[in-house]
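Note that the coordinates shown come from a computational prediction; the quantities given were computed from them, not determined experimentally. All chains are named by letter (A, B, ...) in the order of the sequence lines, taking the proteins before the strands, and each is independently numbered beginning at 1.
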Amino acid sequence: MRTKYCGTISADDIDKEVVICGWVNSRREHGEHLAFLDIRDHTGVIQCVVDAKNVFRSETVVKIKARVRRRPEGTSNESLATGEVELFDCELTVLSEAAPLPFAIDGHHETDEQIRLRYRYLDLRRERMQYNLRLRAKVISAMRRAMEEEGFLEVETPLLWTPTPEGAREFAIPSRLQPGCFYVLPQSPQIAKQLLMVGGFDRYFQVARCLRDEDLRADRQFEFTQLDLEASFIDEEDIRSFVTKAVIDATTAATGEESLQDYLSEIPIFTWREAMERFGSDKPDLRIDTEIVDLGKGLEFTSFKAFQAESVKGLLVKKGACYSRSKLDQLIERAKALGAKGLVWMKVIPSSDDDEAATAGDISKGSKSLESPIVKFLSSEEVQYIIDSTSAEVNDLVLIMADSWKLASSVLGQLRIENCPSKESSKRFRFCWIKDFPMFEGLDEDGNLIAAHHPFTMPHEEDMDLMDRDPLRVRAKSYDLVLNGWELGSGSIRIHRSDIQAKVFTALGISEEEAEQRFGFLLKAFSYGAPPHGGFAIGIDRLVAILAGEDTIREVIAFPKTQSGTDLLTGAPKQISLKQLRELNISVKGK
RNA sequence: GGACCUGUGGUGCAGCUCGGAGUGCACGCCGGCCUGUCAAGCCGGAGGUCGCGGGUUCAAAUCCCGUCAGGUCCGCCA
């Protein structure tokens, strides 16, 4: 039907006849005998010279047979890739007329997301979505290639799976042939891929759709896509190297910048404990340089009651001394909203000769003064210690929290993200690994431990003896991949020995009968010779969103749902007919 | 389940604090003019349940209550 894409026509085509197809992007009329139509396809735009009777409304789909010529002297358009040439002698066929559009395709102003989603097919025509979805395809393609180069085999697993009540809420699918019974859509192919390991496919991967019936967020949809992988006879480092290759290849393919390889290939690894200590988060944003500082040592014997806590930590806010009193009050409120009892601030200001404020105390060397509601409760050594530990300079602000280790860390970690500037640098993509997560998160109402991951995660061998004595200190052989403060994926080495599995089930308060009922088929599979194995899953939507510079994964999904789980384009979810319900043996209660 | 933000011709915004006639800007749409524009330009026109419901008031886009939709977040997401 066509011989050329619009955006690819160049001076090389001058005097040639071409046939193009596309949408009317814009038109400029100059009277009866001269008008310009810009025709657009996904490659770009080309100007066609026509007469007025061949002018059609924007977004009309046309086919144009025409000749290419150099534009007349002085009329070329340098801001257009095809701006040197134009089509003339146009034989124009209207393939499909367009009604006036609800919003403009050319993105000169933002359109409300609600309207974009209602007319998603129009939104998809826009450059932003064209770019994002093509970027997504590049990323997935690069990942597939990376996995295949490492000897991984792509295997599909069922969407209609069995309920394994744990973790995320599942979507249930009623069975027509087995009345009253349900399949569920998989939260992830976790168990299926472990069965593939038992089945001897020792390197598996899949671009897998996962489904979780949980509340939606900017980085969470009901359905999302993972690069899911699992391998046998490997250790943690092997998994990290497979995943590293996949994400670096994907990033390089997406950006086209080979130069990124150098810093990307050295992904730092933090233990969970270390990440919490230094960044106050298990998904630290490394684009922010500032780290949380432990002040426990120098304040060990402080007489200031509020600082007599399990943990005292400080956060330096560069140039923060200019914060107003109300801004500081907001910070304290924010800390309280995050669960803190309080927050102490300390401004470092230039010392002045007529310094007489009751709240200000001189520190040594005379160049710095402090302004803080609590400085009078601290010794000058303690104050100096805080200044030195945080490397605070004149015009900086120090935030200090005394609380439990976990709370002090996580609250300052959140304040770090909200108040400390991230560095503008060439290192746009800051990956890191977090490993050695705690095996258990805490206790539930019944006093049972709560698994931090799924119950098949292998504990560290050297922590096995803690399982009975101090289970909360047991570290798991699990690892997360983090990019710019987003959790990109996680994985673990799995338990393949029944004695360890039994211990973990016991710790979690899962009885033998219950384990048998929930995962019996998996445990049975493990009894017939299961290889040591482990794996990982990378959130592709999140990765692509970050690579595309988007704030939500909806921008990299063709047809996403709203926060309340509806599809504004189709109107789903909808009621189904009584006939359908009868076939499924389902009756619906009124609201 | 909870907190906060948004909702004004087809689109994007202003108007809301301090109530006074649906007032304004840009784009689009319709008609006219225009032979080198390129987000063309010029002239004219049409287009509104100010999300919806209630309340306060002589008077509500504006203040109050409720509700719906969209978003951000908490809870939730092994």
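The side-chain ring of Phe103(A) is not stacked on the base of U11(B), judged by centre separation under 5.5 angstrom and plane angle under 30 degrees.
With both ends at atom P, the span from G31(B) to U37(B) equals 25 Å, rounded to whole Å. Between C30(B) and U67(B), the distance separating the two P atoms is 43 Å to the nearest Å. Comparing G10(B) with G47(B), their P atoms sit 12 Å apart, to the nearest whole Å. A distance of about 12 Å separates the P atoms of G53(B) and A61(B), rounded to the whole Å. C50(B) and C4(B) are spaced 27 Å apart, taking the P atom of each and rounding to whole Å. Using atom C1' as the reference point in both G9(B) and G48(B), the two lie 5 Å apart (nearest Å). A69(B) sits 23 Å from A60(B) when the C1' atoms are compared, rounded to a whole Å. Using atom P as the reference point in both G12(B) and G70(B), the two lie 16 Å apart (nearest Å).
For Leu568(A), the listed nucleotide lying nearest its side chain is G70(B); candidates were A39(B), G75(B), G70(B). Closest to the Ala218(A) side chain, of the nucleotides U72(B), C77(B), U35(B), is U72(B). Across C77(B), U11(B), G71(B), the shortest atom-to-atom separation from the side chain of Thr111(A) is found for U11(B). For Ser188(A), whose side chain is taken as the heavy atoms from C-beta onward, the closest listed nucleotide among G36(B), G71(B), A78(B) is A78(B). Side-chain proximity of Gln47(A) to U72(B), G10(B), U37(B): nearest is U37(B). Each of C73(B), U35(B), G1(B) was ranked by its minimum atom distance to the side chain of Arg217(A); first place goes to C73(B).
Between Thr566(A) and the phosphate of G70(B), there is a side-chain N or O to OP1/OP2 separation shorter than 4.0 Å. For the OP1/OP2 pair of A69(B) and a distance below 4.0 Å, the side-chain nitrogens and oxygens of Arg118(A) include no atom meeting the criterion. Contact check, Ser564(A) against G70(B): a side-chain N or O comes under 4.0 Å of OP1 or OP2. At A78(B), one or more side-chain N or O atoms of Arg212(A) fall inside 4.0 Å of OP1 or OP2 (strictly under the cut-off). OP1 or OP2 of A40(B) lies within a sub-4.0 Å distance of a side-chain N or O belonging to Ser26(A). Note on Gln114(A): every side-chain N or O is 4.0 Å or more away from OP1 and OP2 of G7(B).
Rounded to the nearest 0.5 Å, atoms CG (Asn419(A)) and CG (Leu399(A)) are 7.0 Å apart. Rounding to the nearest 0.5 angstrom, the gap separating the CG atom in Leu547(A) from the CG atom in Leu483(A) is 7.0 Å. In this structure, OG on Ser232(A) lies 13.0 Å from OH on Tyr204(A), to the nearest 0.5 angstrom. Rounded to the nearest 0.5 angstrom, Phe519(A) CZ and Glu514(A) CD are separated by 7.5 Å. Here NE2 of His460(A) is found 11.5 Å from CG of Leu466(A). Values are rounded to the nearest 0.5 Å. A distance of 6.5 Å separates CZ in Arg125(A) from CG in Leu101(A), rounded to the nearest 0.5 Å.
For G75(B), the base has a donor-acceptor partner in the side chain of Asp215(A) [N/O atoms by modelled type, under 3.5 angstrom]. Residue side chain Arg71(A) reaches the base of U37(B) through a donor-acceptor N/O pair under 3.5 Å, judged by distance alone. Remark: the Arg28(A) side chain and the C34(B) base include no donor-acceptor N/O pair separated by less than 3.5 Å. Between the side chain of Arg27(A) and the base of C38(B), no donor-acceptor pair under 3.5 Å is found. Judged by atom type and distance alone, Arg69(A) reaches the base of G36(B) through a side-chain donor-acceptor pair under 3.5 Å. On a pure distance criterion of 3.5 Å, no polar donor-acceptor pair joins the side chain of Glu29(A) and the base of G36(B).
In this structure, Phe431(A) and Leu481(A) have side chains that are in contact, with non-hydrogen atoms separated by less than 4.5 Å.
Taking atom CD of Glu214(A) as the reference point, atom P of A78(B) lies 7 Å away to the nearest angstrom.
At the heavy-atom level, Gln190(A) lies under 4.0 Å from base atoms of the strands shown. Thr552(A) comes within 4.0 angstrom of sugar-phosphate atoms only, judged by non-hydrogen atoms across all strands, and of no base. Heavy atoms of Gln414(A) sit nowhere under 4.0 angstrom from any nucleic acid atom. Nucleic acid contact for Pro72(A): base, since at least one base atom lies under 4.0 Å from a heavy atom of the residue. Nucleic acid contact for Ser76(A): base, since at least one base atom lies under 4.0 Å from a heavy atom of the residue. Nucleic acid contact for Glu110(A): sugar-phosphate only, since backbone atoms but no base atoms lie under 4.0 Å from a heavy atom of the residue.
Toward the 5′ end of RNA chain B lies the nearest nucleotide of Leu34(A), the other residue of the pair Leu34(A) and Asp106(A) mapping further downstream. Toward the 5′ end of RNA chain B lies the nearest nucleotide of Ile115(A), the other residue of the pair Ser79(A) and Ile115(A) mapping further downstream.
Aromatic ring pairs are classed by plane angle as parallel below 30°, tilted from 30° to 60° and perpendicular above 60°; the pair Tyr121(A) and Tyr119(A) is perpendicular.
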